[in-house]
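Below is one structure, written out as structure tokens; the observations come after it.
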Amino acid sequence: MPFVDIRDLGRHVGQGVTVRGWVVTTRSSGKIAFAVIRDGSGYLQSVLPKNEVSEETWTRFQTLTQEACLSVTGLVREDQRAPGGFELTASSLEVLGPSVDYPITPKEHGTSFLFEHRHLWLRSRRQVAIARIRHEVCQAIHDFFNERGFVHVDSPILSGAIGEEAGNLFSTEYFDLGKAYLAQTGQLYIEAAAAAHGKVYCFGPTFRAEKSKTRRHLTEFWMCEPEVAFADSNENMRLQEAFLSYLVGRALDRRKEELKELERDTTPLEQVTPPFPRMSYSDAIAQLQAGGSDIQWGRDLGADDETELAKQQQKPLFVFNYPKEVKAFYMKENPDDLRTVLNNDCLAPEGYGEIIGGSQREDDHDRLLARILGQGLDPATYGWYLDLRKYGTFVHSGFGLGLERTVAWICGISHIREAIAFPRQIHRLYP
RNA sequence: UGGGGUGUAGCUCAACUGGCAGAGCGCCCGGCUGUUAACCGGGAGGUUGCAGGUUCGAAUCCUGCCGCCCCAGCCA
């Protein structure tokens with residue numbers, strides 16, 4: 001009998017086939033038994049009538065347990081009563097890998113227990129759906145930039161220099177050269193690549209040793225960072241809204257089944273089209289103050305403030321030109337208001353908050369050096385970065401998109417730890 | 001690092017004012033020919049997070065420690 005993927009069973013109605021997969025659940029009565037099987041391509045109900053099979057096969061079917069790996073041979077039938085419309089009437093089966101006392105039962109479990117069994121939890125319907133949507137978003141990221149002439153450049157994960165601020169860095173010994181740090185961002189490197197290719201992006205894991213314990217933080221997360229030569233802050237925001245709209249559109253277009261499995265209300269996602277609303281930081285402060293907040297100009301926006309601003313919007317919201325003091329040294333000063341920099345955050349709706357941070361970069365050597373010194377950083381470490389401003393400096397902008405935050409938002413899940421296969425958090429390194 | 005919560009069977013949770021430690025799921029045995037987290041009957045399964053204290057008696061009250069969850073800060 002030919003081996004067939006469950007997703008292709010519709011083409012084999014009336015034929016004998018063999019399906020290999022894992023047992024999801026079993027049900028049986030005295031003379032008929034059912035097993036739901038998954039093989040990664042889909043889910044299949046397999047039926048075994050006692051009087052149509054050998055005693056041995058019947059006995060073996062009765063002893064199937066959750067997540068046992070098996071191969072079932074039988075006849076493909078169309079049947080309204082089967083989930084998916086097709087089922088397999090089994091004539092024989094073989095247990096390829098038994099499964100005894102599978103920990104994750106069909107009833108509810110706590111998050112602690114589930115993450116302790118993350119390696120098994122990945123098999124459940126909901127987790128499969130999330131992983132497929134993440135996969136779609138990753139593919140869409142590459143497609144979006146490729147279609148627009150960007151070059152994908154990988155930034156280093158180990159670095160002697162540092163990205164933004166020390167203190168949040170994971171470090172390791174690096175031979176005779178002292179400490180190396182795990183990348184917090186690929187941005188500085190990708191700025192160098194932008195001078196080579198014009199439009200570039202990197203997409204990879206980044207690491208922050210922040211002792212954060214919120215639904216929006218991981219110590220290891222994936223970030224996509226484009227960098228565009230000759231783009232100013234406004235063009236940067238236009239790229240961001242086109243990019244996010246594309247990613248959301250792809251998920252809506254190609255992952256309907258998965259979004260349905262997650263019971264995601266897609267109405268808010270369908271509204272994610274350019275242009276997105278824009279609000280300056282100063283206007284945001286004024287609006288928050290008018291709403292009763294005691295926030296002062298100069299302070300960074302807190303989670304509550306962001307939620308307050310974003311909930312008035314259907315679409316993602318840009319907040320731009322933050323105070324220089326609360327932002328990184330590489331952001332370009334706003335020539336119209338030297339208290340601020342030419343940056344923006346992009347806040348996702350529905351309470352998901354910041355998923356993008358971007359800015360126009362400081363392209364003047366002396367101003368950049370002053371900012372580095374002003375923040376108490378060691379200019380020697382940034383020698384190569386300063387070189388970019390000495391040899392053909394250019395207006396350029398870029399941003400960083402947090403993949404897990406984006407996936408969590410699209411999926412409508414409450415915590416980003418489910419948006420990555422093996423989340424790394426302050427208290428979790430297993431599995 | 002702060003604030004709040006929680007810890008009882010493999011899992012999810014009950015247990016009144018301090019008075020015999022229980023249910024559902026999962027597992028084992030039996031029944032049922034169309035089940036959809038199947039159903040029905042029976043059974044096994046406990047150092048109540050750890051250490052100490054109060055009490056005739058502690059899952060319950062007190063002290064300390066540990067784990068986890070949520071929120072905040074930091075950020076993507």
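Because the structure is a prediction, the values reported are computed rather than measured.
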Within this structure, what is the [atom1]-to-[atom2] distance between [X] and [N], rounded to whole angstrom?
X        : N      : atom1 : atom2 : result
A:Gln62  : B:rU33 : CD    : C1'   : 12 Å
A:Ile104 : B:rG10 : CD1   : C1'   : 12 Å
A:Asn168 : B:rA76 : CG    : C1'   : 13 Å
A:Arg27  : B:rU35 : CZ    : P     : 10 Å
A:Asn344 : B:rC75 : CG    : P     : 15 Å
A:Gln425 : B:rC68 : CD    : P     : 10 Å
A:Leu244 : B:rA76 : CG    : C1'   : 12 Å
A:Glu67  : B:rG26 : CD    : P     : 15 Å

May I ask you to say what [X] touches in the nucleic acid, namely base, sugar-phosphate or nothing, with a heavy-atom cut-off under 4.0 Å?
X        : answer
A:Ser28  : base
A:Ile355 : sugar-phosphate
A:Ala33  : nothing
A:Gly353 : nothing
A:Asp345 : nothing
A:Thr111 : sugar-phosphate
A:His117 : nothing
A:Ile356 : sugar-phosphate

Phosphate contact (B:rC70 OP1 or OP2) by A:Arg417 side-chain N/O below 4.0 Å: yes
A:His427 vs B:rC69: side-chain N/O to OP1/OP2 distance below 4.0 Å: yes
Taking the minimum atom-to-atom distance to the side chain of [X], which one of [options] wins?
X        : options                : answer
A:Lys31  : B:rA72, B:rC74, B:rU33 : B:rU33
A:Ser212 : B:rC32, B:rC74, B:rA72 : B:rC74
A:Pro106 : B:rG34, B:rA37, B:rC75 : B:rA37
A:Lys213 : B:rU35, B:rC74, B:rU1  : B:rU1

Side-chain ion pair, [X] and [Y], N-O less than 4.0 Å:
X        : Y        : answer
A:Glu263 : A:Lys260 : no
A:Arg428 : A:Glu116 : yes
A:Arg126 : A:Glu418 : yes
A:Arg38  : A:Glu67  : yes
A:Arg60  : A:Glu55  : no
A:Lys332 : A:Glu362 : yes

Nucleotide opposite B:rG7 in a Watson-Crick or G-U pair, distances under 3.5 Å: B:rC66
Any donor-acceptor N/O pair under 3.5 Å between [N] base and [X] side chain:
X        : N      : answer
A:Arg405 : B:rC75 : yes
A:His109 : B:rC11 : no
A:Thr105 : B:rC11 : no
A:Glu116 : B:rG67 : no

Ring centroids of A:Phe221 and B:rA76 base under 5.5 Å with planes under 30°: yes
Identified side chain to side chain donor-acceptor pair (under 3.5 Å) counterpart of A:Glu227 within the set A:Arg361, A:Lys199, A:Gln187, A:His197: A:Arg361
5' priority, RNA chain B, between A:Arg428 and A:Cys346 [closest heavy atom]: A:Arg428
